[in-house]
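For reference, positions follow the sequence shown, starting with 1. The structure displayed is predicted, hence computed values, not measured ones.
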Amino acid sequence: MAPAFEDETASETNFSDVEQLHKSKVTVVGSGNWGSVAAKLIASNTLKLSSFHDEVRMWVYEEILPSGEKLSEVINQNNENVKYLPGIKLGKNVVADPDLEHAVKDATMLVFVTPHQFMEGICKRLVGKIRGDVEAISLIKGMEVKMEGPCMISTLITDLLGINCCVLMGANIANEIAVEKFSEATVGYRENRDIAERWVRLFSTPYFMVSAVQDVEGVELCGTLKNVVAIAAGFVDGLEMGNNTKAAIMRIGLREMKAFSKLLFSSVRDSTFFESCGIADLITTCLGGRNRKVAEAFARNGGKRSFDELEAEMLQGQKLQGVSTAREVYEVLSHRGWLELFPLFTAVHEISTGRLPPSAIVEYSEHTPRLNLLEGSAQYC
C-alpha cells in the first residue's frame, strides 16, 4: 500500500503545482499616491481570490528620503509609503521593488499608474522583458501628442509592448479611497469582456465599486480631459467668482470633453460620460483634486508664480497632469484648426502659459463656438 500512498501524494503535489502555475501574478508599475492606493486595493483582494498569487509587486522609482534611507526599503520595512501615502498600511503582501525589470518578471497582469509623461520611456525599457501573455491596465490620465496625432496611453502601451491594455478611471481622489471611503470606478475594455471582469474582480472592494464598459477611448479621454477642466475650476476658485460660475465652467467643460472625444474617436459612446469616469470624476476633480488646488493658488497669485514652482511647493513630489494635458490638447486643436471650437480648453492653456490673465477664464463665453459641439461634429474629423 505504501507505493500507492506515495503516488497519491505526488499526484496531489503535482495538482497543486499546476494550480500555482495558473494563478495570476500582479505587478503595479508606479508607487505615487494613486499607485500606492491601487496596490493596497489589489493586495487586499489577491489574499482572498484563489486565482491570484498573494504577493503584489510594486515598482518604486527609487528616492532617498531626508533620513538618508531608500524609499523602497522603508516601504518594505514599514508596509507604508511614507512619502506619498503616509499613515496608510498597504498590506503585508505588497513588496516594493526599485528594479523595474525584476518587478515585472513573471507578472501576468500589469497595472500602470505613473505620470503620463514618463510612460513612453518606461515602456521602451520593458520591451522584451515581459511575458507574451501578459494583460495590462492603465490608470494613467494623459496622452502623448506625436507628429501623426494624439496617442492615448493605453494605445502607447499596446503599440510598444504588443499587449492588450484596458483602462480604469473614475471619481477617485486617492487619499479618500486609502481610508476606505466609498468610491466608484469604470474599467474600459475593447473586446474581451472576460478580461475586463477579471480586472473588476481584482479592484472591487465593498468601498470601491467597479463596473466595465466597452469603450476604452471614451473612458480614457474622460479621465484625461477632466484635469483640464479642473484647472479652469481652480482659476474660478482662486478669483472667488462663486459657485454659479464654477458650475458653468464645469458644464461647458463637460461639453468640450464630449465633443473633443467624439471628434477624435467616433466610437466613443455618449453613455460613457454618465459613468463614474465621466461626470462623477469631473465633479470630484473640480471640487477636490490637486489640479484644482494648484490652479487656485496660481490665480490667487495673479499668474505671477509658475505652475512648476507651485507644484514643487504644494505637492511634495507628486505631479500635476492638467497643465501638461492642456498643452497637449492645445497642440491637437491648433494642428487641426479647432481652437475656436474649444474656447475653454484653449483659454486654460493660454492662461497656464501666461499669455492671458486668470480672469480670462470666463471671457471665453464671448466667443461662441461656430458649431454645435454635440451634434454633427463628425464632419470635422
Side-chain angles (χ1 to χ4, degrees), residues 33-34 115-117 140-143 145 150 169 171-174 220-243 245-261 277-315 318-334 338-339 342-365 367:
N33 186 237
W34 185 210
H116 77 273
Q117 54 266 40
I140 299 165
K141 294 161 181 175
M143 68 174 79
V145 177
M169 307 282 159
N172 305 146
I173 293 179
E220 192 166 9
L221 278 164
C222 280
T224 296
L225 297 172
K226 56 93 182 188
N227 284 327
V228 181
V229 185
I231 295 288
F235 293 155
V236 170
D237 288 343
L239 296 170
E240 299 182 355
M241 291 180 171
N243 291 328
T245 305
K246 189 171 180 177
I249 291 293
M250 291 167 66
R251 184 192 70 81
I252 298 300
L254 179 62
R255 184 181 74 174
E256 292 196 8
M257 286 170 57
K258 183 178 178 183
F260 184 82
S261 300
C277 63
I279 184 65
D281 195 8
L282 176 66
I283 291 170
T284 197
T285 308
C286 288
L287 295 180
R290 72 183 72 156
N291 290 279
R292 188 219 61 82
K293 176 181 177 181
V294 179
E296 178 182 7
F298 180 90
R300 288 191 186 281
N301 284 278
K304 295 177 181 178
R305 297 184 66 192
S306 71
F307 272 98
D308 287 342
E309 181 183 355
L310 292 168
E311 176 188 84
E313 178 183 299
M314 300 175 68
L315 299 185
Q318 296 181 62
K319 294 295 182 183
L320 285 177
Q321 299 297 309
V323 175
S324 57
T325 300
R327 182 188 67 248
E328 291 154 352
V329 168
Y330 188 90
E331 289 176 14
V332 174
L333 298 180
S334 179
W338 293 346
L339 288 175
F342 295 88
L344 180 62
F345 285 172
T346 300
V348 169
H349 174 69
E350 293 185 341
I351 293 169
S352 300
T353 54
R355 298 180 199 172
L356 293 175
S359 59
I361 195 59
V362 294
E363 295 171 13
Y364 76 92
S365 59
H367 308 288

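- Nearest heavy atom pair, residue G234 against residue A299, reads O-CB, 4.5 Å.
- Of the possible polar contacts, one joining the N291 side chain to the G322 backbone as a donor-acceptor pair under 3.5 Å is found.
- The shortest side-chain heavy-atom distance between F235 and P357 does not fall under the 4.5 Å cut-off.
- Nearest heavy-atom pair, K141 versus N227, reported as atom, atom and distance to 0.1 Å: CB-ND2, 3.8 Å.
- The shortest side-chain heavy-atom distance between S352 and I231 falls under the 4.5 Å cut-off.
- Between the side chain of S324 and the main chain of Q321, a donor-acceptor pair closer than 3.5 Å is present.
- Between atom CG of residue N243 and atom CE of residue M250 there is a gap of 10.0 Å, rounded to the nearest 0.5 Å.
- The closest donor-acceptor contact from the side chain of E256 to the backbone of F345 lies under 3.5 Å.
- Closest of all the heavy-atom pairs between R300 and D237 is NH2-O, 3.7 Å.
- No donor-acceptor distance shorter than 3.5 angstrom exists from the side chain of T285 to the backbone of A230, with no hydrogens or angles considered.
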Problem set entry | Criterion side chain to side chain contact (heavy atoms under 4.5 Å, CB included) on H116 and T325, from CA distance to verdict | CA-CA 9 Å; H116 77 273; T325 300; 3.9 Å; yes
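- In this structure, CE in M314 is found 11.5 Å from CD in E309, a value given to the nearest 0.5 Å.
- Residues R255 and I252 form a side-chain contact, since some pair of their non-hydrogen atoms from C-beta on lies under 4.5 Å apart.
- Between F298 and I351, the shortest heavy-atom distance links the atoms CZ-O, 3.5 Å.
- In this structure, the separation between CG on L315 and NZ on K293 is 6.5 Å, given to the nearest 0.5 Å.
- When side chains are defined from C-beta on, M143 counts as touching L221, because their heavy atoms get closer than 4.5 Å.
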For this session: Could you check L287 against R292 for side chain to side chain contact (heavy atoms under 4.5 Å, CB included), going step by step and ending with a plain yes or no?
Result: CA-CA 7 Å; L287 295 180; R292 188 219 61 82; 5.7 Å; no
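- Between M169 and K226 the shortest side-chain heavy-atom distance does not fall below 4.5 Å.
- Interatomic distance, I361 CD1 to L239 CG, rounded to the nearest 0.5 Å: 9.5 Å.
- The two residues N33 and A174 come nearest to each other via the heavy atoms OD1-CB, 3.0 Å.
- Taking CD1 of I140 as the start and CD of Q117 as the end, the distance is 10.0 Å to the nearest 0.5 Å.
- To the nearest 0.5 Å, the span separating CG on L356 from CD on E363 amounts to 7.5 Å.
- F260 and W338 have perpendicular rings, their planes meeting at more than 60° on a 0 to 90° scale where under 30° would count as parallel.
- When all heavy atoms are compared, the tightest approach of K246 to A233 is CE-CB, 3.9 Å.
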